[in-house]
Amino acid sequence: MGPVHRIALSLPEPIPPEVAAGARLALRIHATCPHGCDLGGLPVDVAADGEVLAAGELVSGADSPAAAVELDVPAPAQVGEHAWSVGFPRHASGGAVHESSSLTLRFRTVPHAGSLAVWDVPSPTPATGPVHVKVGVRCAAGCALAGRRVEVRDEAGASVGGGTLGETPWPGTSALYWASVELPAPAAEGVHSRTAVLVGPDAGPPHEAAPATFTFRAGKAPAHRATVRVIDEGTRAPVAGVEVRIGRYMASTDEHGVAQVALPPGAFEVAIRKNGFRAEPVRVAVDGDVAVEIEAATCPTQAELNERFFEEYPWG
Amino acid sequence: MGRKRPEAAVGRRAFIRNGAAGVGATALAGLAPRVVSAQETTWHREADVVVVGSGASGLPAAIRARDLGASVIVVEENFDVGGHGMISQGSVALGGGTSMQQRHGIEDSADQVYLENTRPDHVHTRYNDREVVRAFADHNVEAFDFLVENGVRFVDARPHRVPAEGAFTFRRQTVAPWSQDLNETINNTAGSGLMRALERSARAKGVEILLQHRMTRIVREEPLAGRVLGIACTDLDGGGEVNIRARQAVIACTGGSSSNLAVRTIYNPLLTEEYQVGCEPYSRQSGDAEQQGMAIGGSLGATNNMRTESYLALCKPLWIGCRYGYDRWKPGGPVFDKAGASGMAVSDYQDVILVNMLGERFYDETVGTHLFAMEGAHDPVFDYLAAALSSAVLEVDGVRHRVGGPIWAVFDADAAVREEWELRHPFVDSENGYFFQADTLEELAGRLTENAYQKHPMPPAALRATVARYNTFVDLGEDRDFGKPEPRYKLQKPPFYAAWATPILHDTYAGLRVNGRSQVLDVFGAVIPGFYCAGESAGGFALHGLGRAIVGGYIAGTNAAEEPTGA
Ligand SMILES: Cc1cc2nc3c(=O)[nH]c(=O)nc-3n(C[C@H](O)[C@H](O)[C@H](O)COP(=O)(O)OP(=O)(O)OC[C@H]3O[C@@H](n4cnc5c(N)ncnc54)[C@H](O)[C@@H]3O)c2cc1C
Ligand SMILES: [Zn+2]
Ligand SMILES: [Zn+2]
């Protein structure tokens with residue numbers, strides 16, 4: 001039997017001390033024999049409590065004495081302290097015997113960081129009937145969170161509604177899973193606060209997300225309706241997609257240039273907004289249903305104004 | 001003409017990670033002044049007059065000196081001529097009774113130009129050097145005729161006026177653009193009609209233009225005494241040193257100092273590295289005239305003009321979500337890849353909140369989108385800009401630092417619809433570190449360190465709290481922190497966006513101290529023989545733009561050609 005060599009195992013990039021539970025770790029393992037033997041082709045594995053999690057063969061380094069292999073190993077799904085052992089089994093070949101060798105890796109798994117969004121919160125809310133909002137959760141690691149539950153709590157911390165995250169992320173997002181949540185209308189007028197929280201269940205890795213507090217205003221019952229029609233001052237054609245604002249109440253014009261806005265009684269200013277159009281606000285007194293027609297004049301868009309800024313100096 | 005195009009844009013991510021220097025740090029590395037005596041200098045080239053910079057002051061200086069019989073070499077560090085003059089809108093403020101003014105029935109005179117530009121009741125005119133303004137006023141008509149003689153075509157329309165500049169008479173006339181070819185015009189603006197006409201005329205008259213030659217030093221007989229004898233340059237293409245002897249004079253026209261950290265922080269130490277400069281990446285306001293001029297004993301002049309509370313020295317960007325949001329870079333132009341994106345115009349600042357690098361609001365967002373102060377009134381945008389320059393208090397190792405740092409316009413999907421923004425190339429580049437999108441506000445905050453100037457992470461919880469508070473202000477109908485009038489829209493619908501909205505630098509209103517002949521004065525108030533300066537690198541006069549540059553260059557060229565010819 002030939003000489004006995006003791007190889008050295010190492011991780012050029014150590015495992016971070018904290019790892020998201022269940023995250024896949026790409027472990028790059030180096031093995032070097034102090035006598036310069038080529039260890040290419042020899043096996044290594046990663047085990048936890050004697051159970052092998054991943055195994056592979058070393059590949060000789062092109063211009064380094066270390067042979068290397070990269071193993072893709074999932075971190076435990078449970079939160080807590082863990083120890084893995086990288087193992088190299090005893091191997092005899094050619095002249096030399098390479099002793100078995102191992103390296104212990106210690107790390108902690110932590111819950112995935114999640115974050116919440118709450119949107120489509122109507123404000124002012126309709127005075128009667130439930131309020132519908134959307135609550136979404138995103139995991140920093142991009143987990144598919146379908147099936148998890150979210151809850152909305154009132155100022156006192158009592159649950160006032162909840163929902164289960166759906167299968168498809170919200171349009172335009174990569175992994176924001178969301179639910180529509182129905183909330184009872186608040187009894188009192190004024191600004192109310194609610195908090196959305198992620199409550200589980202945690203079938204897969206656990207997730208932690210800071211609660212998201214949002215507010216909305218409960219107004220007077222909108223007893224009346226304003227019908228606002230916006231037309232182009234020059235062509236007299238209806239203008240679609242115009243934001244119509246009556247006090248705090250907003251709506252958009254349809255293809256007939258018409259927006260319907262439910263309002264409580266009172267005196268309001270009606271203003272419009274659309275890129276490339278403008279009109280002076282008009283005042284209305286609402287004590288029944290009202291109809292308002294607004295003639296909008298075309299004007300340059302902001303981008304056009306900015307492009308001509310240095311040329312024209314509109315103040316000049 | 002064998003113009004060189006710039007190298008391709010650097011790898012997008014290559015530059016965005018940056019060292020650990022804290023924000024607010026000012027890396028003052030410049031061209032270290034190497035004191036070399038004139039005897040040591042080997043001259044590789046020579047001419048009667050050497051002009052540094054081929055912009056709005058450099059080319060008039062060169063042509064004028066050549067017209068008076070001097071041989072002229074112009075060195076230009078860029079791959080093409082024109083500097084800011086090329087990218088400008090070519091609206092030239094010249095009056096005093098020009099033929100154009102006369103044709104449109106506008107009465108004006110040199111005295112009127114002088115008096116209007118020395119008015120004490122306007123922030124933009126009250127600190128001007130009266131000798132410099134007098135010389136400017138007395139040469140307006142000549143300079144206008146000179147442009148026309150050298151092929152510049154003005155649009156025949158009634159000159160208009162810009163009260164904020166202190167030029168209350170109708171003096172601005174617009175140059176006709178050069179062509180529709182972006183390779184000729186760089187950004188398709190009328191400034192090309194000015195600079196290409198001057199370039200063509202200069203070349204036809206025998207002015208030699210050395211592109212990609214950067215002046216690195218001004219050579220004087222003694223380090224701090226005697227005549228200026230020439231300049232040292234680096235050939236940015238070939239790499240070698242090229243020393244050019246000037247038998248009569250050197251005219252430095254390097255376009256102001258906004259791009260030079262060491263010089264701009266002389267005027268305002270708060271103008272740290274995060275502030276980008278309009279017109280980059282085409283040409284720099286290198287501050288080389290100022291820096292090298294000071295290294296040989298030159299003085300700065302009329303530095304009161306350089307306060308930021310003045311017109312276009314520092315601006316709220318007109319275009320957000322891009323690095324250079326001063327003027328809009330047009331896709332297809334030769335430097336567009338370097339600019340990265342053309343940005344988005346904000347039609348209503350109700351659609352965004354502006355937050356500092358820590359995710360905090362700091363001012364009413366709707367204030368001052370280039371509201372020019374009329375008749376010298378205080379422009380509230382400068383209070384906004386002052387707040388931006390001190391927007392954040394950072395704590396590093398238990399010590400607090402008040403810094404400016406990046407300013408981000410944060411908005412949601414609803415705002416993008418209201419503004420009709422198309423959040424895609426060429427308007428934004430989601431890879432270059434000046435525009436970000438994320439599913440939640442926390443994720444958005446976490447991405448911002450991909451920007452080179454966001455040196456400290458934005459605390460995700462802080463951004464969430466800022467937005468939650470702002471959304472409550474919308475419910476309340478009042479902004480209890482900064483008084484934004486009736487905050488109108490909640491920021492709630494995913495995805496969420498952050499667009500670069502940091503103030504951007506442009507005009508330089510002070511520079512080397514010059515007299516009415518455009519000669520540079522030293523720190524003792526004496527003329528440095530054989531050394532001239534014009535354009536934004538010259539101090540004394542805070543008039544924005546081309547008029548001052550053209551006339552300053554014209555005066556410098558006239559006097560340089562009359563200098564004695566050195567042995
Ligand atoms: C978008 C935009 C629009 C504008 N519109 C107007 C307008 O409508 N009306 C108006 O009056 N003004 C306008 N301006 C301002 C006007 O263009 C400048 O004030 C004017 O060009 C300044 O002239 P200058 O000669 O000082 O600098 P520049 O024209 O910038 O020329 C300086 C030159 O020096 C070169 N240089 C710098 N350092 C060195 C070095 N070390 N060695 C060699 N070369 C060097 C630069 O590359 C550059 O080519 C505008 C500017 C911009 C950016
Ligand atoms: Zn061995
Ligand atoms: Zn996850």
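What's counted below: heavy atoms across the whole structure, side chains too, no hydrogens, waters or symmetry copies. First the proteins, then the strands, lettered A, B, ... as listed; each starts at 1.
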Practice prompt. Could you pull out all residues at least two apart from B/Arg418 that satisfy side chain to side chain donor-acceptor pair (under 3.5 Å)?
Written response: B/Asp351
Worksheet, complete the sentence: Within residues 466-475 of chain B, contacts to chain A at heavy-atom distances under 4.5 Å involve B/Ala468, B/Asn471, B/Thr472, B/Val474, B/Asp475
Fill in: Nearest atoms (heavy-atom pairs only) where A/Trp170 meets B/Pro494
NE1-O, 3.0 Å
Item to complete: Could you tell me which non-hydrogen atom of A/Arg273 sits nearest to which non-hydrogen atom of B/Ser347, and how far apart they are?
Response: NH2-OG, 3.4 Å
Worksheet item: Which atom pair, heavy atoms only, marks the closest approach of B/Arg488 to A/Met250?
Response: O-CE, 3.6 Å
Discussion item. Quick check on the interface: out of A/Glu304, A/Lys134, A/Arg245, who has the most heavy-atom pairs with chain B under 4.5 Å?
Written reply: A/Arg245
Discussion item. If you apply the rule side chain to side chain contact (heavy atoms under 4.5 Å, CB included), what do you find for A/Arg138 with B/Glu442, and how did you get there?
Written reply: CA-CA 10 Å; A/Arg138 146 110 203 174; B/Glu442 281 94 330; over 6 Å; no
Worksheet, complete the sentence: Between A/Ala117 and B/Arg464 the two heavy atoms that sit nearest each other are N-NH2, 4.4 Å
Worksheet item: Tell me, do B/Lys493 and A/Asp120 make a side-chain contact under 4.5 Å, heavy atoms counted?
Response: yes
Response to the item:
Smallest heavy-atom separation, A/Arg248 atom then B/Leu476 atom, equals NH2-O, 3.4 Å
Fill in: Per-residue contact mode, B/Gln437 against chain A (heavy atom under 4.5 angstrom)
side chain
Worksheet item: Taking side chain as C-beta onward, heavy atoms only, is A/Ser115 less than 4.5 Å from B/Leu441?
Response: no
Worksheet item: Of all residues at least two apart in sequence or in a different chain, which pass the side-chain contact (heavy atoms from CB on, under 4.5 Å) check with A/Pro184?
Response: A/Val160
Discussion item. List the residues meeting ring pair (Phe, Tyr, Trp, His ring centres under 6.0 Å) with B/Trp421, not counting sequence neighbours, and say none if there are none.
Written reply: B/Phe411
Worksheet entry | Largest heavy-atom contact set with chain B, pairs under 4.5 Å, which of A/Ala210, A/Ala175, A/Gly241 | A/Ala175
